[in-house]
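Reckoned from all heavy atoms, side chains included, excluding hydrogens, waters and symmetry mates.
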Amino acid sequence: MKIFIIGGVAGGATAAARLRRLDEQAEIVVFERSGYVSYANCGLPYYIGGTIADAGALTLQTPESFFARFRVDMRVRHEVTAIHPEKKTISVKNLETGEEFEESYDKLLLSPGAKPTQPRLPGVGLEKVFTLRTVEDTLRIKDYINAHHPRSAVLAGGGFISLEVAENLRELGMDVTIVQRPKQLMNPFDPDMAAFIHGEMRWGGVKLALGHTVEGFSQKGNGIDVLLKDSAPLHADMVVLAIGVTPDTALAKEAGLELGLKGSIVVNDRMETSVPDVYAVGDAVQVKHFVTGEDAVISLAGPANKQGRIAADNICGGDSRYRGSQGSSVIKVLRMTAAATGLNEQSAQKAGLDVDKVILSPMSHAGYYPGGRVMTMKVVFERGTYRLLGAQIVGYEGVDKRIDVLATAIRCGMKAADLKDLDLAYAPPYSSAKDPVNMAGFMVENLKNGVMKQWYLEDVDALPRDGSVTLLDTRTEMEFNAGHMDGFVNIPVDDLRQRLGELDKGKPVYLVCQSGLRSYIAARILTGHGFDCYNFAGGYRYYDAVKHDRCLIEQATACGMEQA
C-alpha cells in the first residue's frame, strides 16, 4: 500500500509514525513544503525570547531520524501543487530544484494545518510586519531582532500566540502593545475571567489597546505606523500579526473536497473526507464540538495528534472514531497560568443553552502550608439539568491540574454537582482536603438543593438602592472601608447574630464578602432566621478586578490608548 501524507508537524507526523507501527510493509511518504517536518509550534515564541536557547530543540524529528526509526520517506521543501482524486495522483514540486512530478497513491492524508490570518490591509507585506507559524517565521523574527535591536513592537491580535510573543519580547526589554478588536484578550475566556489576564499583562508592562481595529501599516522613518480606526496611529519598530489562523485548504478546494466552516475540510468521525481514500486531520478540518455537537474548527495540537492516530488506524483497516473537541487549553501569562475547557458562558448562551455558573476563589493548596496562592475558577453548567458545560481558571500553581480534572469530568458526562464526589489526591503542599474542584461541586449541589441562591455581576447596577432590599457586606470593617459596592451596609459575619434586629425580614437580602464564603455563611444564618437571601457569585475580590478592568478599557477607548 502506498500512502502519501501532505504536511507534517502534529497531525501528519503522528499519522506517519502510527501507520508504520501498524504496517511494516506500507510505502509511506510525507511531503512538507517547509524545511522542517516535525517541530514544536507551541515553543516558537519562547525561542524568540531566549527561554529556549537552542533552535535545534524546536525540531522534534529530522527527516533522517524519522527514516532511521520508522522508514518513512520525509521529503521537506516539497510542495504538493494539486490533487487529482479521479486518477488518485498528486502533483509535487521540489522547491529546492524546481523539479515537478506526479505520483500515484492508494491512500492520501491531508494535514496542511492552518496559516496565519492576513487581512487584506495596506502594508501587510512590509518587511517589518511579521507572522509567526513556522520555524522559518521564528528564525526570521529572531534574526531581525538580533540584527536591528528593535525597542518597540505592536502585536495585532490577542490570542495564544500574541500573549506568548508579548511575554517574550518583554523579556528582551522591548516596549510592547497589543491591539485587539474585541474588548478582551483570549476569546476562550469570558470577559470577566479575561480581566485577570489583562491585569497580569498590565503588571508586566504590556500596553493594551482593546476595542481598536487595525486598518493598515505604513513605513515611517526607521519604524512602522500601525493605522487604527478612529484613533491615532501606533508607531513601533516592528509588528507581529497574530490575528488568528485560517485553515490552509486551497488544495482541498481545488480537488473538489467538501468544505465547511471557515473553508475547513469536512470529515466524518473516521477522519474521512468527501472523496474516497482521502483523509484529513489537524487545524484544517471541521470537527464536532464535544459539548454542543455543533460543527467547529478548533486549532490545537492535542486534537491534531489524536486525529492523526485515528486516521492511520482507519487507513490500515481499523475502525477508530474521533469523538469531538472541547477546546481544552492552557497558557502561561507572565507569572500566572490561565486555562479553559468546554464552553464559556458566552458561547453556551450563543448555543441556546440556559446557563448558570459558580465562581470561586480557592487557594492552590492548604492555607496553612506556605506558598499557597489564590486562583479564580468559573464553572459553567446547564440550568435545570446541571450538565457540566465548561470551566475557566486563572491563577498560579495548580491551575493546569484542576482544568484537566474538569476536562475529564466533561468528557465523562458528569453532572456539575457530581464534582463533589471526586476522590482527588491531597497533601498540604499540593491541595486541600476539599479540593477546589470538590468545592465547585459543593456549591452547585447547594444551588441544586436550594441551600443557596445567587446573584451575579450582571445584576449589580440593576439592584434597587431605594431601601426595598437589604444590601449587606459581611466582611470586616477594615475590608469594607478599603472599598465596597455602592449602597451596601457592613455587618461582619461574626457580628451578624447579635445584630439581626437591624435587618428587616420582609426584605430580600443580597450579600457579598471577599470571596463568597463568609457571605454564604451569613446567608445560612439569616435563612435560619427567616430571611430570603442571595449570595454574590465571585465575591468582592472578583467584582473589584472586573470593574477595574472595565474602567481602564473604557477610559482607554475614550482617550485613545491605554497605558501599562
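Under the 3.5 Å distance criterion, the side-chain polar atoms of K142 are matched with a main-chain donor or acceptor of I48. Panel note: side chain N438, backbone K434; no donor-acceptor pair is recorded below 3.5 Å. In this structure, Q346 contributes its side chain and D190 its backbone to no donor-acceptor pair below 3.5 Å. In this structure, T249 contributes its side chain and G263 its backbone to a donor-acceptor pair below 3.5 Å. With E171 contributing its side chain and G49 its backbone, the two residues share no donor-acceptor pair below 3.5 Å. With hydrogens and angles disregarded, no donor-acceptor distance shorter than 3.5 Å links the side chain of Q392 to the backbone of M193. Side chain of Q326 to main chain of A407: a donor-acceptor pair is present (N/O by atom type, distance under 3.5 Å, no hydrogens or angles). The backbone N or O of V72 sits nowhere less than 3.5 Å from a side-chain atom of R20 that would complete a donor-acceptor pair. Looking at N535, its side chain does come within 3.5 Å of a backbone N or O of G516 through a donor-acceptor pair. In this structure, the side chain of T138 engages the main chain of T134 through a donor-acceptor pair within 3.5 Å.
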Report task. Would you sort out whether R270 and R321 count as a side-chain contact (heavy atoms from CB on, under 4.5 Å), showing the intermediate values? Result -> CA-CA 5 Å; R270 288 170 47 86; R321 307 278 174 162; 3.7 Å; yes

**Report entry** Intermediate values then yes/no, salt bridge (charged side-chain N to carboxylate O under 4.0 Å, His left out), R335 and E200
**Finding:** CA-CA 8 Å; R335 303 167 300 171; E200 183 67 6; 2.7 Å; yes

Requested in this report: Please report the C-alpha distance between L457 and I359 in whole Å, then the side-chain angles of each, then the deciding distance to 0.1 Å, and finally whether the side-chain contact (heavy atoms from CB on, under 4.5 Å) criterion is met.
Outcome: CA-CA 11 Å; L457 181 68; I359 302 166; over 6 Å; no

Query - Evaluation steps, side-chain contact (heavy atoms from CB on, under 4.5 Å), between I83 and L110 - result: CA-CA 10 Å; I83 302 169; L110 308 183; 3.7 Å; yes

Query raised in the report: After noting the C-alpha distance and the side-chain angles of E458 and K357, does the key distance pass the salt bridge (charged side-chain N to carboxylate O under 4.0 Å, His left out) rule?
Result: CA-CA 13 Å; E458 53 267 32; K357 72 261 186 178; 2.8 Å; yes

Query raised in the report: Could you go step by step and tell me if R133 and D248 meet the salt bridge (charged side-chain N to carboxylate O under 4.0 Å, His left out) rule?
Result: CA-CA 12 Å; R133 183 68 179 175; D248 191 356; over 6 Å; no

Requested in this report: Give the C-alpha distance, both sets of side-chain angles, the deciding distance and a yes or no for side-chain contact (heavy atoms from CB on, under 4.5 Å) between V374 and R541.
Outcome: CA-CA 11 Å; V374 174; R541 169 186 171 272; 3.5 Å; yes

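Considering CD of E136 and OG1 of T131, their distance stands at 11.0 Å, rounded to 0.5 Å. In this structure, the separation between OG on S34 and CG on D137 is 9.5 Å, given to the nearest 0.5 Å. Here the CG atom belonging to D549 is positioned 11.0 Å from the CG atom belonging to D544, to the nearest 0.5 angstrom. To the nearest 0.5 Å, atoms NZ (K253) and CG (L257) are separated by 13.0 Å. Going from atom NZ of K420 over to atom CZ of F442 covers 8.0 Å, rounded to the nearest 0.5 Å. Of the inter-residue distances, the one linking L552 atom CG with L210 atom CG reads 10.0 Å to the nearest 0.5 angstrom.
Counting only heavy atoms from C-beta outward, the side chains of L19 and K107 never approach each other to under 4.5 Å. Residues N168 and Y47 form no side-chain contact, since every pair of their non-hydrogen atoms from C-beta on lies 4.5 Å or further apart. Using a 4.5 Å heavy-atom threshold, the side chains of P45 and E167 count as separate. With a 4.5 Å cut-off on side-chain heavy atoms, L343 and V380 do not count as touching. Residues V285 and Y279 are not in side-chain contact: their nearest non-hydrogen atoms beyond the backbone lie 4.5 Å or more apart. Residues Q307 and V267 form no side-chain contact, since every pair of their non-hydrogen atoms from C-beta on lies 4.5 Å or further apart. Counting only heavy atoms from C-beta outward, the side chains of V30 and F66 never approach each other to under 4.5 Å. Contact check for M443 versus V379: no side-chain heavy atoms found under the 4.5 Å cut-off.
Residue R387 qualifies as enclosed at atom CZ: its count of foreign heavy atoms under 6.0 Å is above 12. Counting heavy-atom neighbours within 6.0 Å of D423 CG, excluding the residue itself, gives a total of 12 or less. Residue-environment remark: NZ (K415) exceeds the threshold of 12 foreign heavy atoms within 6.0 Å. The neighbour count for Y430 OH, taken as heavy atoms of other residues, nucleotides or ligands under 6.0 Å away, does not exceed 12.
Taking the six-membered ring where tryptophan is involved, the planes of H365 and Y369 are perpendicular, since the angle between them exceeds 60° and thus also 30°. Ring pair F31/F4 is perpendicular by interplanar angle, where above 60° counts as perpendicular and below 30° as parallel. Aromatic ring pairs are classed by plane angle as parallel below 30°, tilted from 30° to 60° and perpendicular above 60°; the pair Y543 and F536 is perpendicular.
Pairs of residues two or more places apart, or lying in two chains, that qualify as side chain to side chain donor-acceptor pair (under 3.5 Å) and include a residue from residues 400-409 are R402-S431, R402-D435.
With sequence neighbours left out, K453 forms a salt bridge (charged side-chain N to carboxylate O under 4.0 Å, His left out) with D532. Annotation: salt bridge (charged side-chain N to carboxylate O under 4.0 Å, His left out) contacts of K288 (sequence neighbours excluded): D295. With sequence neighbours left out, D313 forms a side chain to side chain donor-acceptor pair (under 3.5 Å) with R18, S320. Not counting sequence neighbours, E294 has no partner by the salt bridge (charged side-chain N to carboxylate O under 4.0 Å, His left out) test. Shown here are the salt bridge (charged side-chain N to carboxylate O under 4.0 Å, His left out) partners of R411, two or more places apart in sequence or in another chain: there are none.
Looking at L155, I141, I178 one by one, the single match for side chain to side chain contact (heavy atoms under 4.5 Å, CB included) with V165 turns out to be L155.
Counting all heavy atoms, side chain and backbone alike, V287 lies closest to S325 at CG2-OG, 3.8 Å. In plain terms, the two heavy atoms of V444 and A417 that are nearest each other are CG1-N, 3.7 Å. In this structure, P303 and L300 approach most closely via the heavy-atom pair CD-O, 3.4 Å. Closest approach of G342 to V291, counting heavy atoms only: CA-CG2, 4.2 Å. Minimum interatomic distance between P428 and Y368 (heavy atoms only, all atoms of both residues): CG-OH, 3.1 Å. Residues L109 and A280 come closest through the heavy atom pair CD1-N, 3.9 Å.
E164 and K332 are not joined by a salt bridge, as no carboxylate oxygen comes within less than 4.0 angstrom of a charged side-chain nitrogen.
At a cut-off of 3.5 Å, with distance as the only test, no side-chain donor of N314 or E272 sits close to an acceptor on the other residue.
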